Amino acid sequence: STLQADVQNLSLRLLIVAREAVRTNPALAGMVFGLTSKTCELLATAELQQLDDLSRMGVVAFRPSFRDADLMAARAGS
């Protein structure tokens with residue numbers, strides 16, 4: 001598996017989870033995934049093919065939002 005394939009797979013999975021979360025609880029999903037209300041509306045009605053197309057853009061659909069300090073603190077706690 002290549003990095004590009006891994007990124008595509010990860011992005012598609014994240015998009016599917018985000019879509020289901022938006023359909024279930026848009027406010028919470030917006031907060032968890034950092035989405036605007038308009039993006040939540042669009043994502044809720046997106047077809048799987050559209051999500052697949054988005055996942056093929058070559059970048060991760062969602063980026064980690066933790067800071068270096070968060071990672072260091074998590075590492076120190078383990």
Side-chain angles (χ1 to χ4, degrees):
S1 158
T2 66
L3 176 61
Q4 185 176 11
D6 289 344
V7 168
Q8 179 185 341
N9 187 29
L10 177 62
S11 290
L12 182 57
R13 287 178 172 201
L14 283 167
L15 287 164
I16 291 169
V17 169
R19 180 184 66 178
E20 295 311 309
V22 164
R23 288 176 174 176
T24 304
N25 188 335
L28 180 60
M31 185 179 71
V32 168
F33 289 98
L35 304 172
T36 65
S37 59
K38 180 63 177 175
T39 302
C40 286
E41 289 175 27
L42 293 169
L43 191 55
T45 59
E47 299 289 332
L48 183 57
Q49 184 59 53
Q50 292 171 307
L51 300 182
D52 188 56
D53 291 344
L54 285 173
S55 75
R56 294 176 186 274
M57 292 188 321
V59 295
V60 178
F62 295 96
R63 299 200 188 317
S65 60
F66 58 82
R67 300 168 298 149
D68 291 346
D70 298 330
L71 186 55
M72 301 275 291
R75 193 178 283 176
S78 56

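No experiment lies behind these values; they were computed from the predicted model shown. Heavy-atom basis, side chains included; hydrogens, waters and symmetry copies ignored.
- Closest approach of Ser55 and Leu15 over heavy atoms only: N-CD1, 4.0 Å.
- In this structure the side chain of Leu12 never reaches within 4.5 angstrom of the side chain of Leu54, judged on heavy atoms.
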side-chain contact (heavy atoms from CB on, under 4.5 Å) for Leu43 and Leu51? Distances and angles first, verdict last. CA-CA 9 Å; Leu43 191 55; Leu51 300 182; 3.7 Å; yes
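- Considering all non-hydrogen atoms of both residues, Val17 and Phe33 come closest at CG1-CZ, 3.9 Å.
- You'll find the side chain of Leu10 stays beyond 4.5 Å of the side chain of Asp6, heavy atoms only.
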Using residues 18-29 as the side-chain source, report each donor-acceptor pair under 3.5 Å to any protein atom, sequence neighbours left out, with the distance given to one decimal.
unit_1 : atom_1 : unit_2 : atom_2 : d
Arg19  : NH1    : Ala46  : O      : 3.0
Glu20  : OE2    : Arg23  : NH1    : 3.3
Arg23  : NE     : Ala44  : O      : 2.7
Arg23  : NH2    : Ala44  : O      : 3.2
Thr24  : OG1    : Glu20  : O      : 2.9
Asn25  : OD1    : Leu28  : N      : 3.2

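- The backbone N or O of Leu42 sits less than 3.5 Å from a side-chain atom of Thr45, completing a donor-acceptor pair.
- Residue pairs meeting the salt bridge (charged side-chain N to carboxylate O under 4.0 Å, His left out) criterion with at least one partner in residues 30-54, sequence neighbours excluded, are Asp52-Arg56.
- Shown here are the side chain to side chain contact (heavy atoms under 4.5 Å, CB included) partners of Ser37, two or more places apart in sequence or in another chain: there are none.
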